[in-house]
Amino acid sequence: MKLRSVLTALALVLGALFAPGFGVLSAAGEAQAATKISHATATSMFRQVGITWSSSGNCSDRYNSTCTSFEQLNLATAQGAQTLKGASGCALNITGGTETGHASGTYSHWNGYKLDFAKATCVTNYVKNTFTYIGLRGDGAPQWKSASGNVYADEGNHWDVTYYNCGGC
């Protein structure tokens, strides 16, 4: 009977450790179920806080790489952009969303985790002076990590931001 109690307690502890989104082993590196939003919802959220967006093709078709689409964007990603706008006070212009043409992977643009922001002095200074430099990405892009775990990569002509969460929204 004592062994059964110990095994039950161990199972409960291990369940808590490994439960998605709850356990200590859940981290920014693990994919969690995300709430997806429409392009219309995202643009409404961005308009509310003064975030602009643009595309080289003046379009929003998710299947066209010259467009900037927010279709199937994670809600936490849109909220993360709102958080960045509010915290930095900088003008933000999104140049890349969930459209095809970006690198693949779990935490990709297509899967709703990333946004590209146009380079601007205000944004660059905010990222470099507020977040922690964490070294170069595999492709050589320097990276900074926010206190909430989101990662900002300087890709030269824009910021490639991976939102694992809303950044404290």
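Linking Ile, Leu, Val, Met, Phe, Trp and Tyr whenever their side-chain heavy atoms come within less than 4.5 Å leaves Y113 and W110 in two separate clusters. Note: the hydrophobic cluster containing F117 also contains M45 (ILVMFWY, side chain heavy atoms under 4.5 Å, direct or indirect links).
With a 4.5 Å cut-off on side-chain heavy atoms, I51 and I94 count as touching. Looking at heavy atoms from C-beta onward, L115 lies in side-chain contact with L73 at the 4.5 angstrom threshold. Under the 4.5 Å side-chain criterion, counting only non-hydrogen atoms from C-beta, Y164 is not in contact with K145. By the 4.5 Å heavy-atom criterion applied to side chains, N64 and C59 are counted as neighbours. In this structure, the side chains of W159 and Y152 come closer than 4.5 Å at one or more pairs of heavy atoms.
Atom OG of S60 and atom NE2 of H39 lie 4.0 Å apart (nearest 0.5 Å). Annotation: the span from F46 atom CZ to K85 atom NZ amounts to 12.5 Å, rounded to 0.5 Å. Expressed to the nearest 0.5 Å, how far CZ of F70 lies from CD of E99 amounts to 8.0 Å. With rounding to the nearest 0.5 angstrom, the CD atom of Q143 is 9.5 Å from the CD atom of E155. In this structure, K114 NZ and T162 OG1 are separated by 3.5 Å, a value rounded to the nearest 0.5 Å. Summarising the geometry, atom OG belonging to S146 is positioned 8.5 Å from atom OH belonging to Y126; distances are rounded to the nearest 0.5 Å.
The heavy-atom pair separating S108 from A103 by the smallest distance is CB-O, 3.5 Å. Closest of all the heavy-atom pairs between A141 and A153 is CB-CB, 4.3 Å. For the residue pair G156 and K119, the shortest heavy atom distance occurs at O-NZ, 3.0 Å. When all heavy atoms of C122 and S88 are compared, the closest pair comes out as SG-O, 4.4 Å.
Just one of Q72, H109, R62 meets the side-chain hydrogen bond (donor to acceptor under 3.5 Å, both in side chains) condition when paired with T98; it is R62. Checking each of I134, V161, D160 against V151 for a side-chain contact (heavy atoms from CB on, under 4.5 Å) leaves exactly one that passes, namely I134.
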Between K36 and E71, does a salt bridge (Lys or Arg N to Asp or Glu O under 4.0 Å) hold up when you go through it step by step?
-> CA-CA 8 Å; K36 302 293 184 178; E71 196 61 41; over 6 Å; no

Candidate pair W53 and T43, rule side chain to side chain contact (heavy atoms under 4.5 Å, CB included), full reasoning = CA-CA 9 Å; W53 58 94; T43 58; 3.4 Å; yes

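Looking only at distances, a side-chain donor or acceptor of T83 sits under 3.5 Å from a matching main-chain atom of Q79. At distances below 3.5 Å, not a single donor-acceptor pair connects side-chain atoms of T124 with backbone N or O atoms of T121. Counting only distance, with no hydrogens or angles, the side chain of T130 and the backbone of V127 share no donor-acceptor pair below 3.5 Å. T41 places no side-chain N or O within 3.5 Å of a backbone atom of I37 that could act as its donor or acceptor partner. Counting only distance, with no hydrogens or angles, the side chain of N111 and the backbone of T106 share a donor-acceptor pair below 3.5 Å. Proximity of a side-chain donor or acceptor of T52 to a complementary backbone N or O of L92 within less than 3.5 Å is detected. Panel note: side chain N93, backbone A118; no donor-acceptor pair is recorded below 3.5 Å. Counting only distance, with no hydrogens or angles, the side chain of N150 and the backbone of N165 share a donor-acceptor pair below 3.5 Å.
The distance between the ring centers of Y107 and Y163 does not fall below 6.0 angstrom.
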